[in-house]
Amino acid sequence: QQQDQTVTMPKKRRANGRNKPAGARGHVKRVFCEASGSMVPKDKAVKRFLVRNIVESAAIRDLQESCVYDSYVLPKLCRKVYY
């Protein structure tokens, strides 16, 4: 007589890896990588905020000399970049 014995494997996780924790996100929007052009999840991408002058530094003095207004401040170019 042979008794029917089933061997159960140990469970690694309580929900077999299917249950997400309370704070986990399902999906995140994707953004373009500045370097490679590929789509990267927004929370994974490296984010930088670039602030530059619209005019390069060589032409700033020429513009200020030819400007009619004395205290005119050149606008800046603001841009958020993802890597």
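For this chain, numbers begin at 1 and follow the sequence in order.
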Could you work out the complete set of other residues in the hydrophobic cluster of [X], with links drawn between I, L, V, M, F, W and Y side chains under 4.5 Å apart?
X   : answer
V7  : none
F32 : M39
Y82 : V31
V40 : none

Suppose the criterion is salt bridge (Lys or Arg N to Asp or Glu O under 4.0 Å): which pairs have a residue in residues 35-47, not counting sequence neighbours? none
Within a radius of less than 6.0 Å around NZ of K11, do more than 12 heavy atoms belonging to other residues, nucleotides or ligands occur? yes
V51 meets the side-chain contact (heavy atoms from CB on, under 4.5 Å) criterion, sequence neighbours left out, with F49, K76, C78
Set of residues satisfying side-chain contact (heavy atoms from CB on, under 4.5 Å) with respect to Y83, sequence neighbours excluded: E34, V46, R48, V81
Could you list the donor-acceptor pairs under 3.5 angstrom formed between side-chain atoms of residues 54-71 and any protein atom two or more places apart in sequence or on another chain?
unit_1: S66; atom_1: OG; unit_2: D62; atom_2: O; d: 3.1
unit_1: S66; atom_1: OG; unit_2: L63; atom_2: O; d: 3.3

